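These notes are about the structure you will find just below.
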Amino acid sequence: MNNTDKTQSIDNAAIAGTSVPDLEIPFESCVRDKNPDPCAIVIVGASGDLTARKIVPALFNLYLNEGLPDPFLVVGCARTKLSNQEFRDKMKNALKTANILDDQKWQDFSESLYYQAIDYGELPSFKALARSLRELDIKHDTGGNRVFYLAIPPSLYKSTAQMLGKAGLSTEGEKKNSWAKIVVEKPFGRDLDTAIDLDRSLHEHFQEHQIFRIDHYLAKETVQNILMFRFANAIFEPIWNRQYIDHVSITAAETLGVEHRAGYYEQAGVLRDMFQNHMMQLLALTAMDPPSLFEADRVRDEKVKVYRTIRPFPTADLKDYLVLGQYGAGTIDGKRVPAYRDEPGINPESLAPTFAMMKVFLDNWRWQGVPFYLTSGKRLAKKLTEIVIQFKEVPHSMFRRTLGEEIAANRLILGIYPDEKISLTFQTKNPGARVCLRSVTMDFHYNQSYTGPVLDAYEKVLLDVMLGDHMLFWRQDGVERCWSFLTPILKECETCKAPSELLIPYESGTWGPNIIRDLTKKR
Ligand code: BG6
């Protein structure tokens, strides 16, 4: 059916008073976009955890779903000396652990996996990598296109980007239309100055269109859906503002503790680990204005506008805006877990926060006076990621004489994890002779409506890098605006005379420090 036919049938359906048919693209064709150009994916830091837990399983899944280019190459590099076969065996084990190993498909996939040991501080080592890549490009016909995924500690980002550049690996067009891309994981710096410095180093050899700053939250289906929900429906936008919304809560709660990441987490704490990236993205998607077009830079322009409106915290009076906590021992899923300070590798007097709740205001016309409560923490009662839009109460209750009770206000929940859902709470009459109200919900669950393969966040991110689509990646101006907001807070927390007063212990397996209630009381 062509477009005209579709319009015609809609008009007829409307005239006849029947339901309007959906203008939908069949689900199967949504799973994959176009296939990327043949390319080599070079994982720098291939002996690490990220490669085994996320990157290679994501690549293998893409391969199973025919999402990888044909031909493709994966070249792992790290300090550890491994042969190609040893690297392949390691990756096979990783897929086994992830429960996605398919022996037959693995045979084909593994033939495109190579390994080269590298010394991060040595230019000759990167030049040798460049030579090997040239040979492999010819052998596998990957056209000289390359993705460099930095799966290394952030302290190595600057020097590695420099080495890649000096070895000629950032150059594009060496072969006809060949491209080179670099992928950087957060954290992008540890404050405003270091973020600017890192960006300057990346730009010495790579141009902005070559740089991909990952935030895996953006690639979650339910997070991507926020824009569709808000801007592909006419009924929500008119009420998405201070006139109808009382407050917004954005929560990313985890039951996991610091795990094996003591070295990183001690330096980061929850503000750098979760707020400077994931929480800020969720805030922007919830609060932004509609872009004129669903196009990477227009969407990112609108996000940056949100970051520009964040009201700076009065650092002298942080307690009215921010609660920081650190987990103590407790029980999670029936098991005793140790306090943060007793975890392996953690300083027994550590002041790193593992929980934060902040009250943020956006100084613009749409959101003036509406608090956004952002909460994230480790070792909390449940793994839960959601955005709750709490609407205002009815302005006048005509039921007050009969009911003599408050009427609960409407609430819209955008569930990201574990329930991938959208849920609207509203009031209905309880059946019976007496007039009674009851809160009910209208729910949409992704898994009920869609079947078939769904891309995991890392699969989507890798695919978009290969395709050169920046929609789901941070732009540097956004990174810097967020650091401008957070850096003074971090400084105040880290340099104040009694930092331990700002840090409240909480029991693992609870919802964080009790004091968080006070933050929601005062406006
Ligand atoms: C990462 C953080 O970016 O996100 C981790 O570094 C955190 O500390 C993780 O556990 C949470 O991601 P998800 O997808 O499990 O909510």
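All figures in this text were calculated on a predicted structure; none of them were measured in a lab. Order of appearance sets the numbers: ligands from 1, and atoms from 1 within every ligand. Side chains are part of it too, since the values below use all heavy atoms of this structure and drop only hydrogens, waters and symmetry mates.
Ligand 1 places these atoms under 4.0 Å from at least one heavy atom of K186: 1 (C), 2 (C), 3 (O), 6 (O). Close approach to K378 involves these atoms of ligand 1, each under 4.0 Å from a residue heavy atom: 5 (C), 7 (C), 8 (O), 10 (O). Against a heavy-atom cut-off of under 4.0 Å, K220 is close to the following atoms of ligand 1: 13 (P), 14 (O), 16 (O). Interface atoms of ligand 1 facing E254, defined by a heavy-atom separation under 4.0 Å, are 7 (C), 10 (O), 11 (C). Remark: ligand 1 atoms within the under-4.0 Å shell around heavy atoms of H278 are 1 (C), 3 (O), 4 (O).
A salt bridge does not link D89 to K96: none of the charged nitrogens lies less than 4.0 Å from a carboxylate oxygen. Ion pair E221/K421 not flagged as a salt bridge, since none of the NZ, NE, NH1 or NH2 atoms sits closer than 4.0 Å to an Asp/Glu carboxylate oxygen. Using a 4.0 Å cut-off between a side-chain N of Lys or Arg and a carboxylate O of Asp or Glu, E295 and R300 do not qualify as a salt bridge. Salt-bridge check for E343 with K378: failed, with every basic side-chain N at 4.0 Å or more from each acidic carboxylate O. Ion pairing between D477 and R481 fails under the 4.0 Å rule for side-chain N and carboxylate O. With respect to K54 and D49, no salt bridge is recorded, no charged nitrogen being found less than 4.0 Å from a carboxylate O.
Side-chain contact check for N514 and Y506: no donor-acceptor pair (N or O, by modelled atom type) lies under 3.5 Å.
Atom 12 (O) of ligand 1 has its closest protein heavy atom at H216 NE2, 3.3 Å. If you check which protein heavy atom lies closest to atom 15 (O) of ligand 1, you get K383 NZ, 3.0 Å. Annotation: atom 6 (O) of ligand 1 to nearest protein heavy atom, D273 OD1, 2.6 Å. Scanning all protein heavy atoms for the shortest distance to atom 16 (O) of ligand 1 gives Y217 OH, 2.6 Å. In terms of protein heavy atoms, atom 5 (C) of ligand 1 is closest to R261 NH1, 3.3 Å.
For ligand 1, the polar-atom distance check finds no N/O of Y265 at less than 3.5 Å from any of the ligand's N/O atoms. Taking only nitrogen or oxygen atoms, main chain and side chain alike, T385 does not reach within less than 3.5 Å of ligand 1.
In this structure, R190 contributes its side chain and Q267 its backbone to a donor-acceptor pair below 3.5 Å.
Stacking of R379 on the aromatic ring of Y327 is recorded, both the 6.0 Å distance cut-off and the 45° axial limit being met.
Within the structure, the closest approach of L256 to ligand 1 does not fall below 4.0 Å when heavy atoms are considered.
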